[in-house]
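To keep things clear, I will list the structure first and then write my remarks on it.
The basis for the numbers below is simple: all heavy atoms, side chains too, and nothing from hydrogens, waters or symmetry mates.
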Amino acid sequence: MPLSWNEIKNRAMAFSKEWADESSEDAEAKSFWDAFFNVFGITRRRIASFETPVKKGDGKGGYIDLLWRGMLLVEHKSRGKDLDRAEHQAFEYFSGLKERDLPRFVIVSDFARIRLYDLEEGGHHEFALRDLHKHIRRFGFIAGYQTRSFGQEDPVNVQAAEKLGRLHDLLKASGYEGHALEVFLVRLLFCVFAEDTSIFEQRQFTDWIEQRTAEDGSDLGPLLAQLFQTLDTPREKRQRNLDEALAAFPYVNGRLFSERLPLASFDSAMRESLLECGSLNWSRISPAVFGSLFQSIMDEEERRILGAHYTSETNILKALHPLFLDQLWAEFGRIKDTPKALPAFHKKLATLHVFDPACGCGNFLVIAYRELRLLELEVLRAVERGRLTRHLEFDLSSLVQVDVDQFYGIELEEFPSQIAQVALWLTDHQMNLLVSEEFGSYFARLPLRKAPNIANENAMRIDWSGVLPPSECSYVVGNPPFVGKQYQNAGQKADLARAFAGLKGAGVLDYVSCWYRKATEYMAANPAIRTAFVSTNSITQGEQAGVLWNDLFQRGVKIHFAHRTFQWMSEARGRAAVHCVIIGFALHDATNKTLFDYETLQGEPHAIKAANINPYLVEGDDAALPNRRRHFDPDTQPIAFGSMPNDGGHLLLTADERLELIAAEPLAKQWLRPIVGSEEYINGIERWCLWLGGISPAELRAMPNVRRRVEAVRQQRLGSTRETTNRLADTPALFGEIRQPATNYLAVPKTSSERRAYIPIGFLPPSVIANTELFTLEGAGLFHFGVLTSQMHMAWVRAVCGRLKSDYRYSAGIVYNNFPWPDADGKKITAVEKAAQMVLDARAAYPDSTLADLYDPLAMPANLLDAHRAVDKAVDAAYGKKSFSGEAERVSFLFKIYKEHT
């Protein structure tokens with residue numbers, strides 16, 4: 001157990017005084033460093049050796065004055081000697097050391113002065129020996145105090161995954177796998193972490209392997225089994241003749257080492273791999289990546305893209321801060337200078353219960369626990385400031401009240417649920433070290449007496465109140481699985497049907513919706529609970545928004561805060577981007593509601609106060625848009641679907657097939673029409689169809705190739721299991737559904753890339769057949785074109801349309817038929833029409849470019865962009881507006897107009 005900082009400081013002062021006037025003979029160096037280590041309560045001989053032989057970079061041999069492998073190298077000179085030369089000599093030794101033995105710290109000294117280099121943080125510090133007590137905390141690594149800020153992209157996280165992952169691969173290749181391997185690796189991880197964070201003595205685990213096991217690894221497996229058994233046995237119950245090195249390990253408890261595992265067989269390579277793991281400084285592992293780290297160890301592909309997980313801590317905090325952290329910090333800010341109020345607030349922190357019903361490896365719980373402990377630390381500081389005497393020794397174990405048993409989770413898979421529990425324990429110890437550092441008194445919870453409450457169950461098939469009674473729950477938070485309806489397996493579809501039994505249209509919902517419904521039912525027993533989930537943005541778009549949120553609103557749900565769509569993971573490291581939202585909700589209302597909007601998917605959020613938040617995550621009423629058959633304003637230009645062939649592909653032709661058919665049957669030429677959907681229209685792809693309306697029997701009989709195609713259509717329709725399709729076999733020469741405009745029409749693609757600032761719409765003649773992937777507005781004019789190609793309409797599309805992957809999925813029923821058109825006069829209409837024509841003229845200047853080319857954000861011509869901006873300005877003016885602060889305000893404005901009209 002490390003000494004308190006007060007005791008270390010007093011020892012440092014005594015040491016400096018004793019050695020300030022001592023002689024500088026080389027023989028005294030050993031005594032000097034033995035005494036130096038003793039300042040920190042450490043026996044130097046146990047962890048560091050003198051005069052370690054090493055081959056330098058020039059090939060010559062040398063001796064390192066003092067080496068603590070993996071931690072510290074010391075080069076000591078006689079009094080008054082050049083420390084720069086000593087520094088050069090110290091770093092010369094590095095080339096002769098194994099990578100795992102390279103130190104983090106280097107000290108050079110001449111008795112009178114000490115210079116310390118921290119090779120990870122960079123820089124050095126030099127001072128006179130007499131001032132050692134003033135700089136003593138820089139040497140906390142010797143005592144076992146190694147607190148630090150956790151960088152989200154710290155390279156040690158990747159190194160840790162690679163090293164422990166290599167050991168995993170070697171064990172698995174040897175036949176040691178499955179549950180036993182998972183538990184075994186979690187235990188090893190605990191051990192290497194423990195020796196770097198003062199749970200064990202420093203290097204206790206690694207030194208035990210090096211000193212007590214054979215180099216060929218033959219006895220390592222059985223000895224590890226004995227070690228695990230020892231860690232699970234109280235000291236007073238261990239055999240009295242137990243090897244002293246084993247007996248020195250503490251009692252851990254917590255059930256971590258209780259299960260008896262099959263013996264693992266090691267060889268020299270596997271032993272060396274484990275030693276390589278021990279060479280890392282595991283105290284640097286960020287709690288935010290524990291779960292991702294452990295998962296990556298078990299999965300080589302996950303290990304390769306581990307860097308993609310590092311944004312998760314930032315995103316987790318996006319949920320935790322508005323859910324409860326901001327409120328707690330604000331409350332503390334009000335009472336921190338009122339000593340009488342602090343105990344009640346501290347007790348409140350210790351009685352909060354956080355529940356993640358889809359906890360995975362525990363990332364949300366880990367970060368929530370860490371943040372509560374950091375707030376508790378501020379409470380303890382405030383209490384300390386109120387004491388009459390600063391640095392008064394006191395019992396930290398009775399003052400630190402927030403503990404891991406306040407955290408609850410449900411996880412389907414066994415291994416992640418074990419990781420969640422261990423990750424919380426390790427985080428607890430890191431926070432205990434921080435408290436120890438702050439108050440100069442070592443504090444650790446060992447043996448483990450309390451444990452997180454992680455249920456290894458299917459969250460959709462158990463009663464959550466059996467994990468944590470609602471009356472005891474404070475907050476529900478997490479990142480439930482996103483699975484679209486087309487990707488759900490049979491079990492997930494059954495879960496969805498069970499969760500939304502009797503709800504019409506529930507089959508369209510993403511699997512994540514189940515957690516919203518279950519949470520709502522759970523909160524009904526305690527309406528004070530607040531919940532926040534990270535979710536796919538699809539539950540706030542298209543059909544899903546109406547089905548899910550109308551149901552939740554009927555049950556009393558109110559949205560308190562929301563992050564509008566943002567990118568959850570970076571695609572730069574090999575992982576596809578996931579477009580997410582975060583929604584905080586409860587069964588009670590809140591006076592202060594907040595929307596977090598993003599200028600770009602990868603950008604930073606900015607907060608917007610809102611009176612109320614609707615399902616599309618903009619300010620508006622608690623109602624989702626209905627799926628309308630026609631526009632709510634009967635005077636609005638109607639929109640229609642394109643025609644559906646229902647032909648098995650027999651009436652459709654490629655450009656080459658058209659030429660072949662015409663060559664064989666020239667009479668067919670007059671019956672061929674170009675046909676377009678979203679893909680063909682945007683990308684300029686040439687496709688054709690047989691449009692045989694009005695053909696006479698004689699004309700059809702004169703074209704045997706065409707007739708064969710028509711017969712194939714008939715057979716395809718007869719073979720269908722749908723009665724309506726069978727009836728279409730009576731007219732096999734015609735499309736199954738014909739909705740082709742008779743005059744020029746405005747074409748609106750059903751699917752378009754989200755990368756485009758505008759959906760490329762345009763005018764087509766009636767001779768071009770629109771299929772079902774194209775919407776049509778027959779008889780529409782420039783005003784309709786201008787409004788539909790404006791940012792006003794695009795903001796509405798982005799807010800309410802469904803998505804195909806991340807592409808816009810335009811719809812008639814939800815997007816168009818609910819869109820509030822401007823009530824504009826003739827002058828404003830003319831301005832929109834004039835600007836709209838500018839867009840068409842700009843397009844016409846590039847006859848060889850497709851719409852995909854013209855609307856590529858990297859290649860969009862400047863004159864086309866200028867024309868669109870003119871349209872945007874004219875359309876905004878038609879609505880009576882000049883500007884908006886952001887897209888959320890623009891959409892909120894449209895919802896206000898919608899409300900007025902409906």
Side-chain angles (χ1 to χ4, degrees), residues 2 29-30 32-34 36-40 42-58 61-77 83-110 113-127 132 135-148 154-156 159-160 163 192-193 195-198 200-211 272 274-285:
K30 290 182 180 179
F32 177 89
W33 289 106
D34 282 346
F36 184 86
F37 274 80
N38 191 53
V39 166
F40 303 92
I42 300 296
T43 302
R44 189 275 309 164
R45 289 186 296 275
R46 193 183 62 76
I47 60 173
S49 56
F50 273 110
E51 298 181 354
T52 302
V54 65
K55 183 174 290 188
K56 296 185 292 184
D58 59 6
Y63 291 88
I64 300 173
D65 286 342
L66 184 146
L67 179 64
W68 178 0
R69 297 182 187 276
M71 185 63 71
L72 173 66
L73 184 150
V74 173
E75 182 62 26
H76 191 89
K77 296 298 180 184
L83 291 188
D84 290 339
R85 185 175 178 183
E87 172 203 337
H88 176 75
Q89 188 173 343
F91 285 103
E92 268 195 326
Y93 294 136
F94 276 44
S95 61
L97 293 173
K98 291 181 179 180
E99 183 180 353
R100 70 166 186 257
D101 292 337
L102 291 173
R104 171 182 172 178
F105 299 95
V106 172
I107 296 176
V108 294
S109 175
D110 68 343
R113 301 193 64 78
I114 291 179
R115 185 187 295 174
L116 171 68
Y117 296 85
D118 184 338
L119 303 184
E120 288 182 358
E121 300 297 329
H124 69 273
H125 303 275
E126 184 174 338
F127 50 87
L132 174 63
H135 300 267
I136 198 64
R137 287 185 180 244
R138 299 190 187 282
F139 299 88
F141 65 93
I142 297 177
Y145 293 110
Q146 286 201 74
T147 58
R148 65 188 300 277
D154 195 325
V156 76
Q159 294 171 21
K163 290 184 183 296
V192 292
F193 182 89
E195 69 174 358
D196 284 337
T197 55
S198 301
F200 296 168
E201 296 293 329
Q202 294 192 52
R203 281 188 59 90
Q204 186 176 8
F205 178 64
T206 302
D207 285 346
W208 174 78
I209 295 173
E210 286 190 326
Q211 298 168 12
E272 183 66 19
L274 180 52
L275 289 172
E276 287 288 335
C277 291
S279 69
L280 280 177
N281 181 5
W282 288 84
S283 68
R284 291 179 51 191
I285 301 296

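When all heavy atoms of Asp101 and Arg69 are compared, the closest pair comes out as OD2-NH1, 3.0 Å. Taking all atoms of both residues into account, the shortest heavy-atom contact from Leu83 to Ser109 is CD2-C, 3.8 Å. Residues Ala90 and Leu73 approach most closely at CB-CD2, 3.7 Å, considering heavy atoms. Smallest separation of non-hydrogen atoms from Phe94 and Pro103: CZ-CG, 3.6 Å. When every heavy atom of Ala29 is checked against every heavy atom of His76, the shortest pair comes out as CB-CD2, 3.8 Å. Taking each heavy atom of Ala48 and Leu66 in turn, the nearest pair found is CB-CD2, 3.8 Å.
Residue Lys55 places its NZ atom among 12 or fewer non-hydrogen atoms of other residues, nucleotides or ligands, all under 6.0 Å distant. Taking a 6.0 Å sphere around OH of Tyr63, one finds it holds 12 or fewer heavy atoms contributed by other residues, nucleotides or ligands.
Counted by atom type alone, Thr206 and Glu195 present one or more donor-acceptor pairs between their side chains at under 3.5 Å. One side chain, Arg138 or His125, offers a donor N or O that lies under 3.5 Å from an acceptor on the other.
With sequence neighbours excluded, the residues that form a salt bridge (charged side-chain N to carboxylate O under 4.0 Å, His left out) with Glu210 are Arg100, Arg203.
Looking at heavy atoms from C-beta onward, Arg45 lies in side-chain contact with Asp34 at the 4.5 angstrom threshold. Using a 4.5 Å heavy-atom cutoff, the side chains of Glu51 and Ile64 are not in contact. Residues Leu67 and Leu97 meet the side-chain proximity criterion, which asks for heavy atoms closer than 4.5 Å. Within the 4.5 Å cutoff, side-chain heavy atoms of Ile107 are placed close to those of Phe139. Under the 4.5 Å side-chain criterion, counting only non-hydrogen atoms from C-beta, Glu92 is not in contact with Val54.
Going from atom CG of Leu275 over to atom CD1 of Ile209 covers 5.5 Å, rounded to the nearest 0.5 Å. For the atom pair SG (Cys277) and CZ (Phe205), the distance works out to 9.0 Å, reported to the nearest 0.5 Å. How far CD of Gln202 is from CD1 of Ile42: 6.0 Å, rounded to the nearest 0.5 Å. To the nearest 0.5 Å, atom CD of residue Glu120 and atom CZ of residue Phe141 are 11.0 Å apart. The distance from atom CG of Asp65 to atom OH of Tyr93, rounded to the nearest 0.5 Å, is 6.5 Å. For the atom pair NE2 of His124 and CZ of Arg115, the computed distance is 5.0 Å after rounding to the nearest 0.5 Å.
A donor-acceptor contact shorter than 3.5 Å is absent between the side chain of Glu99 and the backbone of Ser279.
Just one of Leu119, Ile142, Leu116, Val74 meets the side-chain contact (heavy atoms from CB on, under 4.5 Å) condition when paired with Phe105; it is Leu116.
Under 4.0 Å is where a charged nitrogen must lie from a carboxylate oxygen, and between Asp110 and Lys77 no such pair does.
Note on ring orientation: taking the six-membered ring where Trp is involved, the planes of Phe91 and Tyr117 are perpendicular (angle over 60°, cut-offs 30° and 60°). Relative ring orientation between Trp33 and Phe37 is described as perpendicular, the plane-to-plane angle rising above 60° on a 0-90° scale split at 30° and 60°.
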